[in-house]
Amino acid sequence: MSRYTSITDEDLKAMLGAIGAGSLEDLFADIPASVRLGRDIDLPPGRSEQEVHEEMSALAARNRHADAETSFLGAGMYDHYVPSLVDALTSRSEFLTPYTPYQPEISQGGLQVMFEFQTAISELTGLPVANASVYEGPSAVAAAGYLAKLETRRTRLVASRGLHPHSRAALRTHAAGYGMEVVEVPLNADGATDVAALAEAVDDDTAAVFVQQPNFLGTVEDVGELAEAGKRTGALLVCAADPLPLGILKPPGEVGADICVGEGQSLGNRLDYGGPSFGFFAAAERFIRRMPGRIAGETRDVDGRRGFVLTLQTREQHIRREKATHNICTAQALNALAGVVYLSWLGRRGLVELSTLMLRRTHYARQALGLELINPGPVVREFAVRVPDLDALFLRARAAGINPGYRLGRDYPEYEDGLLVAITERRTRADIDHLAEVVGAPQGARQKEAVG
Amino acid sequence: MSRYTSITDEDLKAMLGAIGAGSLEDLFADIPASVRLGRDIDLPPGRSEQEVHEEMSALAARNRHADAETSFLGAGMYDHYVPSLVDALTSRSEFLTPYTPYQPEISQGGLQVMFEFQTAISELTGLPVANASVYEGPSAVAAAGYLAKLETRRTRLVASRGLHPHSRAALRTHAAGYGMEVVEVPLNADGATDVAALAEAVDDDTAAVFVQQPNFLGTVEDVGELAEAGKRTGALLVCAADPLPLGILKPPGEVGADICVGEGQSLGNRLDYGGPSFGFFAAAERFIRRMPGRIAGETRDVDGRRGFVLTLQTREQHIRREKATHNICTAQALNALAGVVYLSWLGRRGLVELSTLMLRRTHYARQALGLELINPGPVVREFAVRVPDLDALFLRARAAGINPGYRLGRDYPEYEDGLLVAITERRTRADIDHLAEVVGAPQGARQKEAVG
Amino acid sequence: MSEFVVDPRRNEDTITIFERTRAGRRAFAAPETDVPEVAVEDVLPAALVRESPAQLPEVSEPEIVRHYTTLSSKNFHLDEGFYPLGSCTMKHNPKLHERVAALPGHARLHPLQDPEHAQGALDLMWRLQRALSEIAGLPHVSLQPSAGSHGELAGLLLTRAYHEDRGERRTKVLTPDTSHGTNPATVTMAGYEVVKVATAEDGGVDLDDLREKATDDVACLMLTNPNTLGLFDRNIEEIASIVHDAGATLYYDGANLNAVMGIARPGDMGFDIVHFNLHKTFTQPHGGGGPGAGPIAVSDRIEPFLPVPQVVRVEGDNGCGPRFDLDSDRPKSIGKLRGFQGNFGVFVRSYAYILSLGGDGLREASEVAVLNANYLKARLAEPGVAEYLPVAFDRTCMHEFVLSGRGARDELGVKTLDLAKRLLDHGVHPPTVYFPLLVEEALMIEPTETETKERLDHFADAVRSILEEAREDPEIARNAPYTTPVRRLDEAGAAKRPVVRQGMGENPGDPERAGRSDGESSGAL
Amino acid sequence: MSEFVVDPRRNEDTITIFERTRAGRRAFAAPETDVPEVAVEDVLPAALVRESPAQLPEVSEPEIVRHYTTLSSKNFHLDEGFYPLGSCTMKHNPKLHERVAALPGHARLHPLQDPEHAQGALDLMWRLQRALSEIAGLPHVSLQPSAGSHGELAGLLLTRAYHEDRGERRTKVLTPDTSHGTNPATVTMAGYEVVKVATAEDGGVDLDDLREKATDDVACLMLTNPNTLGLFDRNIEEIASIVHDAGATLYYDGANLNAVMGIARPGDMGFDIVHFNLHKTFTQPHGGGGPGAGPIAVSDRIEPFLPVPQVVRVEGDNGCGPRFDLDSDRPKSIGKLRGFQGNFGVFVRSYAYILSLGGDGLREASEVAVLNANYLKARLAEPGVAEYLPVAFDRTCMHEFVLSGRGARDELGVKTLDLAKRLLDHGVHPPTVYFPLLVEEALMIEPTETETKERLDHFADAVRSILEEAREDPEIARNAPYTTPVRRLDEAGAAKRPVVRQGMGENPGDPERAGRSDGESSGAL
Ligand SMILES: Cc1ncc(COP(=O)(O)O)c(C=O)c1O
Ligand SMILES: Cc1ncc(COP(=O)(O)O)c(C=O)c1O
């Protein structure tokens, strides 16, 4: 008997008796011999908890994590401080172990959390309706494309190259399924979406236009301007957004975005080598019956007590099957909980304070490095620079215990020498000055004294 | 307002109004100006959670913990594997944050845990009554001394030098208070308590005799024999025990011990640089009304439902005040919870399996090191050896990432060159062979190949 | 005694975290500003700046903790009791998994870290892929999909790429009428048309209907085996050959894999593509609706189309061990289903589970899962229960089984819904209800292998006692539950006039809100 | 509707982890045996070997987790609601503290690690000592005592050593009749005789009585200030000089320090020895009855006698920073109160708390604690409450206050105990009751600084509604509580025939036990 099962020999005898079976073997009689494995699975035998813990620790030790270096890596996921109460609450088995709340009477905790999460996302995005989470950022972008298809029946999707490369890739992959073509619009010399080119690209068969705020280079886009240009022909404007900077940036919903989606990791979720985190999906009122995923709604019980339920389920696969607005079932409830707890912790003023601190350090870093800027325009938490000899910098930086950022060349041939530098509240002025020193920026070094 | 308080300016106005006070200042009018501090406390201003976390992490990083080296340190606290379910359960705020269960109707969880803990300790020690925990090991020994005083009114306490040096020290310190003298009995050539000397030492004014199982050198004492010798004149026999080896050792209660106390750290508690852990206190039936600390008892409620309460409280300080059997109030409930969860995890057979594994590795290690034995007698988890040049060994071992054990010379001039080596289920044969190699034991090295 | 006497708190309304706001309260303190204090307006054009702050809560740490702790206590959860939710495999979630997932080397690893500094993570993914491949009996694995339905979508996108690569255009996908809703929904999202295949007398696929519908414009048959009735389709080989003869792929919905680990493998049954639900079979906690992970295993002919990146193992030259890397240079790949490398945190837990159980342990898990299901099925076939809740298809079941509440409804006037609600009062989670659709008043029961015989007996006894009670007075069940934080909720009303977010006053400290909160101070805590 | 309908589980009995045993079940798997398998009998004399294994539970991991999770849910806890337990300072326990205490550098550090490899731990202890010294206004600190009463004992042992060092024999210790039970109990354990000092009209020490009793055989006066009535003794300086003139030491019971941090310091009031309750003032979670820590701060004349080891700071020579070490070479020391260096894990939490609040934050904590207490006192002085629960001493209180339930008892026939039990139905923890002893039917109320005004109002409203209810029907309170896992318990019976451990059958799988467990299968889960 394993340490997770409880059937004693006595139990087994009694149970087989009740079943009327002679042996365990009998219970598998329906499986034709020809498809039986007929041997043990070729995996090592089970091990004690202690041994498994040691093995897993040895694996973890072979990764250089965000506390083992000073990292300026961002590009979609960010090293933010996750407050202790997030772990304390998400680790409660009352939140950790239930299934999707199919029985609302015994799931009010999870359902109210969803309702609160939807409210927070709605506040951040400036759009009235948000769902209870989707998988993560890029697939949320693809889900917006599917909504646009159902809504407009058109066949073209126009995406700014400022949209995360993974989002564009996921959009293409999913669009190949629901039969749409994806066209890209270039960035201008300032590293912002080229408005003229965008206006050009949209036509009467364009279902949706995709932009990102801030865009992949860190540029704060003028979403209002892009919306105007992009919606000329009746396409929907989909804005992918990093939720944290929305603390100080104009909510996309206030300047013409019909749908706002995004990656939620920066809201109280771990890096986890890329997942699990959560995606959010918010939209204008008129799309409420086309939204993907779960939505919690407020109601009353037979005694008149306030309560919450999964609502508008006629959109969903378990009811509408092939007519569903999306196939998603299991989403990211626990990660969304971390998100709303994190936002409650930051609070109304804290969100602004944190965003402002990031903005200030980002601007400090941008000039401290003293490198040529790829996107001289407005930035808030991340920026792109050209580095004469990127490989050499990485060697020096690694030696100094620094991870200088993301190589833009991986996705943008046009920025072969580009480095994307991310700043969070964990990167202090001292960290930035250290990077500047490694980069060889004279003034970066100078400011170091100033701090010392 | 700090992040832990909630009084807004509005609240403050309203509250002062209700109180009828003009200012916060007014509320402190009773404190004479002459004793007012009149300045701020000289401590740095408060900091954000993130900054405090960084500071605390920096402190922690300056300690070499049990995962950062291969440690053979024991001598009272041991590096055992603490299963995940212990942390998962003890971190539940339902267990973590309540006070001592003064209101049984809303404390059944904590009270039943105490009852289960008492049962487990009773099973291990072979004594019928156990309390719900005392502070830790050495002070538990001192508490036994106080019980012996109350019980016998005699003034002498006789302690084997096999008793942990900290226990003997704590006994002396406390005895100075309740007015008793502590006499020590030496160990014999085999590192066991000298029975003859013990028989010598006890007289008609001896209230209690203290021995330890296994003793400080790791020797398994013949408690029965010691009890016979020690109780001749009517003294109580107090046995301090490491609870884990009791899985295979004769329970002290079965061979004449009147009281069995001990340090509980080895039962699912962290090392924590020495605390908090828990002490346990078990005794023969007739001492039940002289026990220190809380005791949970089973009873029924008005509806006939089974329940648990703090019982026999007429022993305790809050009722009996100067006539109390001990002054203890806050004890170690959470650590005792970890203890009983750990014992439930080990289970009836697991406790024996674990003790047996330790015993086998201990015997393997003792001969693998090939050093002169201080205690050639029976050992189960720890043993003492003589090392020609201890300083040199420590230098070599440290360089090899090994902490070879405890220097007996710290407490035993008679074992100036003594090394106390502890083995747990975390120390594998490979670890032991590595130590043997560093010690320079030829056969130790040979066995290494054997494992490879 | 009046209900108020018995619980004064019962009359209270819950309030949201937003309603706990008092202007000025905070849980967050910002780290020191150690750089020049540039003003937002100076570096951002006014047009891009938010005018009024997002109305997030203003609450201190103690009250945030109490708010969510109190909410949590309104959830029924797996660590509390029996959770036989059919098709969801609610098996125990080992605590060890949370510990190893939280190790900084895992939890704090950036997804774009250079592979050379993420060797542990890549090795772990590689090992998990190999293990899943062995369990499925299919050579190639991608861990990328985020959940089961994401895996289904991947499967159909792979099928499309496979056929297109062969110059074929296929437009239809077959699904049994017992299939899970995600299957047809996936078909549509993948740009195919759904064609239903009938179910035969014995609960398996109707072979004649299948033969008829397996035309050359069919791209795939999506199957669950054991199916959603908990029955293993004895004709699986015949089914595979029909599908393959039609040039279509055979897709295995792995939600029910918990029945056959180490006993029979989808690959050996003839499936081309399999998805796993790591949050079912491999113990990722459900989290109240995720996260999960839906890795896929595929045959050689499908492999070229797998999503990027793929984890690759590079044999170490001159004596040093193997290295691991991420390969995105796969010309025929369908591309990316999502960002980065998938739900790595889930992989950590599932790999720890596989290490803990080993090959023999996984087989034992399936054996006990099937034993528990058949025992509970037997207990519920006893007189006093069977008359009201006949089993839908009377065969030896696998890890789950389906009862029909027809009898209870017709003879006692107690619907499956009523029975489910009354079970709440007995401290167990109800089974999955009203699915699969072809069973009237369906109750789909999956106990899993981690339950004790006592738990199964308690559930059977509870069902029996509810039916007995209903013979006396069916109203008791019809009005159940009675012991839950709220009772039956108005779902119709919720959908008719959807309120999907908190209404916000002018500002957090405003009267309306304050109003709410006096409500609070008079009790709603 | 019958109670059974409303909650079928109510009729069930709880069972212990031992009663869940089924022979053969296990949660533990042993690591591989990688050394020769010597038999126990071969290496241990038979006389020393246990004959039959300890009857520990035999339960699988899932059921252990459920057992203790379910038990936990029967506890009221601070993260759930208001906990105004007088004298216990139930303030919020920040979650950060659990995180930093769990860092391997702290949690996995062996107590006998060489100081050179434990510099972080020793530095932390040093810094905490300095901070506590500044807060107490006394120059020297020992962190060793395990809790408050252990600190009290340390204080009296130090007093004894101090006097003996001066060749004085003193036999008595003075304690006010309002003192906490640990004070007199400690006096006896320390070998002294207790002499009670009376309380004056205004709730402070009766100076005349003190003068009379402060004879030259008195070793110490143990005082709590603010005292257990929540009142600050205005005559503290006078008291100090009387005690010092008698050659005795003045001991400060620090349980009520939360009222005066940063406002007034025991050292400045003339105290020689102070203990801190880190599990009260400095947020160590109570854990349902510990762990705690009771560091002491002392004046110069007491310092030579402090327990060993002491943390010492060695200034670094030639440019390198300071080093920290443990000093046990202190000839006049009273020795050791316990093993190792004290409850280090508690020090970690308390130091993190001090870092988070800083000097200003600590003062604010005390100010708000006093504000909250006086506000709640005012709310409970309103008509409708004050008639039944008059405040014991009508003065501005500090962090707590004491009401007398005399009125409620005499006019409503509702005792303080009944009021407390009825409060359980309102979702709050009752105050400390029947202490201090000199107040009839005492209710000792300490809200702490981390509560909101709404919580205080809710408590006041609950008390008022219970009194109103009692005017209608006192039976409701007399029979309360109604909503708790169990109702009033037979404590007398428990003490008369104590059952303090689980009865065990011949062997875990035996009939008796099985009997218990059928009970279980019929419900008790
Ligand atoms: C049979 C079946 N298929 C597919 C799914 C969808 O899996 P997921 O929820 O992981 O998307 C489920 C989940 O309930 C299922 O039961
Ligand atoms: C006034 C007072 N003194 C002393 C103590 C004893 O402290 P501890 O429980 O930490 O031993 C307490 C605890 O309740 C107390 O309230």
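Sequence lines set the chain letters: A, B, ... in the order given, protein chains first and strands last, and positions in each chain run from 1. Keep in mind the model is a prediction, meaning the values are calculated, not measured.
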Tell me which of these, [options], has more heavy-atom pairs under 4.5 Å with chain B than the rest.
options: D/Gln119, D/Glu134, D/Lys74; answer: D/Glu134
options: D/Ile354, D/Val43, D/Leu357; answer: D/Val43
options: D/Gly361, D/Pro45, D/Ala54, D/Ala293; answer: D/Ala54
options: D/Pro498, D/Gly288, D/Ala494; answer: D/Gly288
options: D/Ile64, D/Leu355, D/Thr432; answer: D/Leu355
options: D/Met261, D/Lys91, D/His429; answer: D/His429

Does any N or O in the side chain of B/Thr119 come within less than 3.5 Å of the main-chain N or O of D/Arg501, such that one atom is a donor and the other an acceptor?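 Answer holds: no.
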Main-chain N/O of D/Phe340 paired with B/His166 side-chain donor or acceptor, under 3.5 Å: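 Side chain of B/His166 to backbone of D/Phe340: a pair is present.
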Could you look at [X] and say if it's the side chain, the backbone, both or neither that has a heavy atom under 4.5 Å from chain B?
X: D/Val346; answer: both
X: D/Asn479; answer: neither
X: D/Tyr83; answer: side chain

Indicate whether any N or O donor in one side chain lies under 3.5 Å from an N or O acceptor in the other, for [X] and [Y].
X: D/Glu152; Y: D/Thr186; value: yes
X: B/Tyr364; Y: B/Arg429; value: yes
X: B/Gln317; Y: D/Ser149; value: no
X: B/Tyr146; Y: D/Thr188; value: no

Hey, do the aromatic rings of B/Phe28 and D/Phe232 have their centres closer than 6.0 Å?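 Here the rings of D/Phe232 and B/Phe28 have centres that are no less than 6.0 Å from each other.
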Answer with side chain, backbone, both or neither: which region of B/Ser57 has an atom nearer than 4.5 Å to a non-hydrogen atom of chain D?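 For B/Ser57, heavy atoms of backbone and side chain both lie under 4.5 Å from chain D.
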